[in-house]
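Written below as structure tokens is the structure these notes are about.
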There are 2 protein chains.
Amino acid sequence: MARKRITPGKIRLTEVAKLAGVSPITASRFFRNPEALSVGKRARVESAAKELGYVPNLAARALASQRTEVIGVLIPSLTNNVFADVLRGIYDALDGSRYSIQLANTRYSILQEERLLRLFLAQKPAGLIVTGINQTADSRVIMESVDCPIVQIMEIGPAPVDMMIGFSHFDAGRAAIAHLLDQGYRRIGFLGARMDPRVQRRLEGYRSAMTEAGLFDERLIVTTAVPTSMTLGGTLFADLLAKAPDIEAVFCVNDDLALGALFECKRRHMVVPDQMAIVGFNDLEFMASSVPTLTSVRTNRYEMGRNAAMMVLETLAGRRPAEPVVDLGFSVMERQSSTRRV
Amino acid sequence: MARKRITPGKIRLTEVAKLAGVSPITASRFFRNPEALSVGKRARVESAAKELGYVPNLAARALASQRTEVIGVLIPSLTNNVFADVLRGIYDALDGSRYSIQLANTRYSILQEERLLRLFLAQKPAGLIVTGINQTADSRVIMESVDCPIVQIMEIGPAPVDMMIGFSHFDAGRAAIAHLLDQGYRRIGFLGARMDPRVQRRLEGYRSAMTEAGLFDERLIVTTAVPTSMTLGGTLFADLLAKAPDIEAVFCVNDDLALGALFECKRRHMVVPDQMAIVGFNDLEFMASSVPTLTSVRTNRYEMGRNAAMMVLETLAGRRPAEPVVDLGFSVMERQSSTRRV
DNA sequence: CAACGGCTTGGTAGCGCTGTCAATATCAGT
DNA sequence: ACTGATATTGACAGCGCTACCAAGCCGTTG
């Protein structure tokens, strides 16, 4: 004999079936589709499974059925609060379903993303949720070859691999500037960190709005590839002031930078918004409770995650969403930090 | 025939072996332990795999080998920045290893935790990282029956299931109060949200230190089961002021509350620290860049996650850590918000 | 020169479950 | 009573990989 059975006491489906007096396949059906069984057998299998403390072997199930109940999620950062909200939405939507989540962190690298995508392939995921629309060509090939629902989240754009949910970062950037212009600000600076594709599109929105208003000036822009933080917000804002001392307002590419800028203003005894207006992005919870309260562009992160997961779920259930691309929009939350100049 | 082969074009290990001119088992060894092969065969298998674009089937591997390369991680919250840092540490430590992470969210419920633990069982994880030391009795039974390394993180206590890494929240709470007492503050309030077991132990530390100093007063404590947020920090602080208008300082059970309290002070035109000292907990990045800078108890969250994962890895590699319980300690970062009263 | 031991390689038989299809039981309608 | 349709159940084989053991190969040793 090539291999001796090393698991004498282990409870397999066969044991459950034996105790319940049914065939293994019937017991198997009990776990996957109980309605298909007669009431009597259903009860017998159920009590047998409970009595033996049966735990199904997922690997065997996956091998035999050629699919898993794992939904792969690719996000670029674990630290960024934005993705925490998205994740919460995903987890909430999947809660109670039989699907579980396999989370992977791309660290904002599309090469890393491609590697992780390959890794997911080996798991035959039931569905995939990936961040953004800037995948490598190879990543796209992989995604197109995987036979499972895929949702790209965080932004929308042309040519979805499968489904898509998000909003236009370009438009959102434009809207933030439109608000400031509307409030009478003219010299409006831009603060950006990380500069991932979505941030760059917000910058494009800024550039477009400013150019249109005849106010564009390269010196108003300060960016860095460094990951964002509140401390960085202060530093970048100081840099911006050095480059363009006459600015009246600043659009920060996220809320951490905005709060950092606010504190830098405090440090310099500049009054917000009288001497400096501040607008952030994402509308994290704290923006409404700072002093002064901070204007921000609200993005529907939780809903994005939740809906993305639900779109995968619906597709798996055979009810494919009518609209594969969903624009969740955004809204400029106008608060004290950017009220009209006098 | 019971089942016809439905995968005519799929690349299995057999195909790779055939192309490389070796037996399947030799090809298998290439992927698990390349050193065992002769140099020639190693190269042949490698190029064959690459040529065919072979992706191993993890389910089959798991079924045949009776184990997986998945490490289960149970944390109570995705939103809380504290766990984002822990997770980052875990992901960093596992990066480059062959292990992947299965993350599950207990939502601060030990019943949910037990359910998820059962779910993990079915996956035969290679290791387990769980938060805290307050598991249900059944959870403990499950954990003790699983044959894999387990690390309890975030705090230390008696009777580890297997390994443990964290610090004493009781001592940390005491240390925060000791610092305030040392700076001359006497009427010190306590602000707590969520009130999970670790927060309660911080409260015990507060109670112990205050009692010891002969300063304990039940009216100085304001807590809620509501999840923490900056806004809540402002609200709770207002409640505390209503109950005890004469307080001189406040110890907030986390940094969000502390920043919320700071803004509430601003709103009330109370000068920090002259009229009100504030101490937070965790020392998130923003504590050092607010105005005034905020004192906080630094906890080594990233290291906790990283070391926990490394402990699992080491155990899996057969090098069991000499010390199964690791105290990572904490440090009170003294900043402007709690400098000595005049 | 036979015996030995280390290294590499292969054969065999499953791991535990489920897809497929056939068989049987049940029931309504004529 | 018989037919056909539907609901339930079971037999069989195999999903793709690896554990176990055995065999082959080689150089070394007494």
Side-chain angles (χ1 to χ4, degrees), chain A residues 1-18 20-45 48-49 52-69 98 121-124 126, chain B residues 1-18 20-45 48-49 52-69 98 121-124 126:
Chain A
M1 203 189 319
R3 175 196 290 196
K4 55 177 169 272
R5 169 76 110 278
I6 28 165
T7 54
K10 199 191 304 165
I11 293 115
R12 305 194 307 286
L13 194 53
T14 318
E15 273 72 55
V16 176
K18 203 168 288 171
V22 299
S23 72
I25 187 69
T26 302
S28 166
R29 271 192 274 264
F30 167 76
F31 292 101
R32 291 175 295 146
N33 183 19
E35 285 76 38
L37 297 198
S38 61
V39 200
K41 303 224 164 169
R42 200 184 307 170
R44 290 232 299 287
V45 176
L52 295 172
Y54 171 68
V55 177
N57 182 320
L58 294 185
R61 179 179 289 178
L63 180 58
S65 69
Q66 299 280 49
R67 57 192 154 68
T68 63
E69 296 181 343
R98 54 192 190 165
L121 256 192
Q123 317 222 23
K124 300 182 185 299
Chain B
M1 203 191 315
R3 176 197 289 197
K4 56 175 170 276
R5 168 75 112 281
I6 29 165
T7 52
K10 199 188 307 162
I11 292 115
R12 305 194 306 290
L13 193 53
T14 318
E15 274 72 55
V16 175
K18 204 168 288 170
V22 300
S23 73
I25 186 66
T26 301
S28 165
R29 271 192 275 264
F30 167 76
F31 291 101
R32 292 174 296 144
N33 183 19
E35 283 76 37
L37 298 197
S38 60
V39 200
K41 304 223 163 171
R42 200 184 308 172
R44 290 232 300 287
V45 175
L52 295 172
Y54 170 68
V55 177
N57 182 319
L58 294 185
R61 179 178 289 178
L63 180 58
S65 68
Q66 300 280 46
R67 55 193 154 68
T68 62
E69 294 179 345
R98 53 191 191 167
L121 256 192
Q123 316 221 25
K124 301 183 184 301

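Side chains included, hydrogens not; waters and symmetry mates left out as well; all remaining heavy atoms used.
Checking the phosphate oxygens (OP1, OP2) of D/dG16, a side-chain nitrogen or oxygen of B/R12 falls inside 4.0 Å. The phosphate of D/dC17 (OP1 or OP2) has a side-chain N or O of B/Y54 nearer than 4.0 angstrom. Note on B/R67: every side-chain N or O is 4.0 Å or more away from OP1 and OP2 of C/dC15. Phosphate contact (OP1/OP2 of D/dG10, side-chain N/O of A/T26, threshold under 4.0 Å): present. Phosphate proximity of D/dG10 to A/S23: present, with a side-chain N or O under 4.0 Å from OP1 or OP2. For D/dG16, the OP1/OP2 oxygens have a side-chain nitrogen or oxygen of A/Q66 closer than 4.0 Å.
Taking every heavy atom of residues 37-44 of chain B and every atom of DNA chain C, pairs under 4.0 Å involve B/L37, B/S38, B/K41, by number.
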Give every donor-acceptor pair under 3.5 Å between a side-chain atom in residues 34-44 of chain A and any protein atom, sequence neighbours left out.
from  : atom 1 : to    : atom 2 : distance (Å)
A/R42 : NE     : A/P34 : O      : 3.1
A/R42 : NH2    : A/L37 : O      : 3.1
A/R44 : NE     : A/A20 : O      : 2.9
A/R44 : NH2    : A/A20 : O      : 3.2

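A straight line from CG of A/L13 to C1' of D/dG10 spans 13 Å, rounded to a whole angstrom. Spacing between atom CD of A/E35 and atom C1' of D/dT6 amounts to 17 Å, rounded to whole angstrom units. In this structure, CD1 of A/I25 is placed 10 Å from P of D/dG10, rounded to the nearest angstrom.
In this structure, the side-chain hydrogen bond (donor to acceptor under 3.5 Å, both in side chains) partners of A/S23, at least two apart in sequence or on a different chain, are A/T26. Taking B/A17 as the reference, B/V22, B/P24, B/A27 meet the side chain to side chain contact (heavy atoms under 4.5 Å, CB included) condition, with sequence neighbours excluded. Partners of B/T68 according to the side-chain hydrogen bond (donor to acceptor under 3.5 Å, both in side chains) rule, which considers only residues two or more places apart in sequence or in another chain, do not exist here.
B/E15 and B/K10 make their closest contact through OE1-O, 3.4 Å (heavy atoms, listed as atom of the first residue, atom of the second, distance). Taking every heavy atom of both residues into account, B/I11 and B/L52 meet most closely at CD1-O, 3.2 Å. The minimum heavy-atom distance linking A/L13 with A/Y54 is given by the pair N-CE1, 3.5 Å.
Both B/L58 and B/R29 lie near DNA chain D, and the one whose nearest nucleotide falls closer to the 5' end is B/L58.
Going from atom CG of B/N57 over to atom NZ of A/K124 covers 5.0 Å, rounded to the nearest 0.5 Å.
Counting any heavy atom pair closer than 4.0 Å across all strands shown, B/A62 reaches no nucleic acid atom.
Rounded to 10 degrees, the angle separating the terminal axes of the helix from C/dC1-D/dG30 to C/dT30-D/dA1 is 40°, with each axis obtained from five end pairs.
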